[in-house]
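First the structure, in the form of structure tokens, and then the observations on it.
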Amino acid sequence: MELDADGRAVRLSNPDKVYFPDKGYTKKDVADYFLAVGPGILRALRDRPTTLQRFVDGVEGEFFYQKRAPKNLPDWTPTARIEFPSGRHADEMCPTELGAVLWAANLGTLTFHPWPVRRADTDHPDELRIDLDPQPGTDYADAVRAAHELRSVLDDHGLRGWPKTSGGRGLHVFVPIVPEWTFTQVRRAAIAAGRELERRMPDRVTTAWWKEERGERIFVDYNQTARDRTIASAYSVRPFPHAPVSAPLRWDEVDDVEPRDFDIRTMPRRFAEVGDLHADMDEHAFRLDGLLELARRDEHEHELGDLPYPPEYPKMPGEPKRVQPSRARKEDEGGTA
């Protein structure tokens, strides 16, 4: 069948294919959802190199991440060349119209992972993205408490954040920034914000990279700001049985909602009522000077340097030993013996 995406005819094959067996939701239901929230998801993806998380056999089947633009990408969808930490590169699709979202949905894409850059400049992020990730023993309510204090941290450093549900148990806070800093500098700012939040809520928040050190706290996943690390976009569908979505929120409703409130059936109604709550993000661009000065003070006054990168990254300058702490202790004890 063909769908009309703002005047663009997009073919949808196998529309009755079931993607969410528990709910009976089909490929056509997913496509209809993206049409219903079209202006919102296009705003979140527009001109951004985007990785596709594809579930060609639905959420109970295998999935894969497609970083390189598919060979059959329509000529009306541009691409941008991005560089991976390894030095290799790839051309990723950059949606500029709703038809590109529907075209990707036809390939089984549920979750869109846009880079925090635009195709005109893929080396300088224009968003600082902070991921508040509940660890075992914590839940959404704990993430909410951390998010409110994070809002205060950002405000104290001249920044404003826009919150959204992750689609799981966590919260994401996005800050539009002037695109003049590198990925390394933006990550440094994220670490500084995380450490300040940790100082204010030491029993509830952690920046510890190693899981054995996190405890029952909210983890500020600073590495989500590293090059080639992405966060699910607003309005993306998440691969859980009830078909939840990542929902933009107002700060005054963060306490009162539950992530399960937002799925491919309920979100279209909400969107029709309130529109895209993040629509004004593109009207702002904040500076990171305050957080980078905080990072400088942490480094020089508190001897708090860099934190570990993910394991697949090359060793970075100034990075501490990338060894699990318990293993490092055993190695030290063995060396001493």
Side-chain angles (χ1 to χ4, degrees), residues 1-17 19 26-56 63-84 88-127 174 176 179 228 230-238 245-246 248 264 267-268 271-272 275-276 278-283:
M1 63 184 301
E2 280 194 350
L3 298 177
D4 181 0
D6 292 342
R8 175 80 66 185
V10 180
R11 180 173 174 270
L12 191 73
S13 61
N14 303 315
D16 296 326
K17 188 173 187 177
Y19 273 12
T26 65
K27 187 178 186 179
K28 174 66 160 49
D29 292 325
V30 172
D32 286 342
Y33 161 73
F34 285 131
L35 282 172
V37 299
I41 193 164
L42 183 56
R43 189 269 315 155
L45 302 178
R46 189 188 302 275
D47 284 323
R48 297 190 182 281
T50 300
T51 297
L52 310 178
Q53 189 176 0
R54 295 175 57 185
F55 297 79
V56 295
F63 72 90
F64 63 96
Y65 293 94
Q66 177 142 11
K67 295 186 176 184
R68 299 177 187 277
K71 292 182 179 179
N72 60 338
L73 185 72
D75 57 11
W76 40 265
T77 298
T79 62
R81 177 151 296 188
I82 50 92
E83 184 174 316
F84 301 119
R88 295 180 298 108
H89 62 265
D91 296 326
E92 289 202 354
M93 69 178 291
C94 300
T96 56
E97 60 178 271
L98 184 55
V101 177
L102 269 292
W103 180 85
N106 184 52
L107 298 182
T109 303
L110 296 179
T111 309
F112 293 84
H113 296 267
W115 280 49
V117 299
R118 308 282 183 170
R119 62 189 172 105
D121 182 358
T122 60
D123 290 320
H124 297 90
D126 69 347
E127 286 181 348
F174 283 16
D228 194 31
T230 54
I231 291 178
S233 76
Y235 303 101
S236 275
V237 183
R238 307 313 306 274
V245 303
S246 179
I264 67 170
M267 196 64 188
F271 193 87
D276 178 17
H278 287 187
D280 63 335
M281 275 185 62
D282 289 347
E283 300 171 11

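All residue numbers in this chain count up from 1 along the given sequence.
No option in Leu110, Leu42, Val237 other than Val237 meets the side-chain contact (heavy atoms from CB on, under 4.5 Å) test with Phe34. For the pairing with Lys67, the side-chain hydrogen bond (donor to acceptor under 3.5 Å, both in side chains) check across Asp228, Thr230, Asp91 returns one residue only, Asp228.
Here Arg46 does not pair with Asp282 in a salt bridge; the nearest charged N to carboxylate O distance is not below 4.0 Å. Taking a cutoff of 4.0 Å between a charged side-chain nitrogen and a carboxylate oxygen, Asp4 and Arg8 do not qualify as a salt bridge. Taking a cutoff of 4.0 Å between a charged side-chain nitrogen and a carboxylate oxygen, Arg48 and Asp126 qualify as a salt bridge. Looking at Asp29 and Lys17, no side-chain N of the basic residue comes within less than 4.0 Å of a carboxylate O on the acidic one, giving no salt bridge.
Neither side chain, Thr109 nor Gln53, offers a donor N or O lying under 3.5 Å from an acceptor on the other. A side-chain donor-acceptor contact under 3.5 Å links Asn106 and Ser13.
Annotation for Ala5 and Val10: closest pair CB-CG2, 4.3 Å, computed over non-hydrogen atoms. Here the closest non-hydrogen pair linking Ala234 and Ala44 is O-CB, 4.1 Å. In plain terms, the two heavy atoms of Pro78 and Leu73 that are nearest each other are O-CD2, 4.4 Å. Of all heavy-atom pairs between Met267 and Pro248, the closest is CE-CD, 4.0 Å.
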Please step through side chain to side chain contact (heavy atoms under 4.5 Å, CB included) for the pair Leu12 and Leu102, ending with a clear verdict.
CA-CA 8 Å; Leu12 191 73; Leu102 269 292; 5.5 Å; no
Applying salt bridge (charged side-chain N to carboxylate O under 4.0 Å, His left out) to Asp47 and Arg118, what does each step give before you reach the verdict?
CA-CA 5 Å; Asp47 284 323; Arg118 308 282 183 170; 5.3 Å; no
Walk me through it: do Phe63 and Arg54 pass the test side chain to side chain contact (heavy atoms under 4.5 Å, CB included)?
CA-CA 5 Å; Phe63 72 90; Arg54 295 175 57 185; over 6 Å; no
Just do the ring-ring contact (aromatic ring centres under 6.0 Å, His included) check on Tyr235 and Phe271 with the steps written out, would you?
CA-CA 10 Å; Tyr235 303 101; Phe271 193 87; 5.6 Å; yes
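Within the 4.5 Å cutoff, the side chain of Met281 has heavy atoms near those of the Pro176 side chain. Using a 4.5 Å heavy-atom cutoff, the side chains of Leu52 and Phe64 are not in contact. With contacts defined as side-chain heavy-atom distances shorter than 4.5 Å, the pair Pro95/Thr77 does not qualify.
Relative orientation of the Phe84 and Trp115 rings is tilted, given thresholds of 30° and 60° on the angle between their planes.
Evaluation of the side chain to side chain donor-acceptor pair (under 3.5 Å) rule for His278 yields no partner, not counting sequence neighbours. Annotation: ring-ring contact (aromatic ring centres under 6.0 Å, His included) contacts of His124 (sequence neighbours excluded): none.
In this structure, CZ on Phe112 lies 8.0 Å from OG1 on Thr50, to the nearest 0.5 angstrom.
Side-chain N or O atoms of Tyr19 include none that pairs as donor or acceptor with a backbone N or O of Lys28 at under 3.5 Å.
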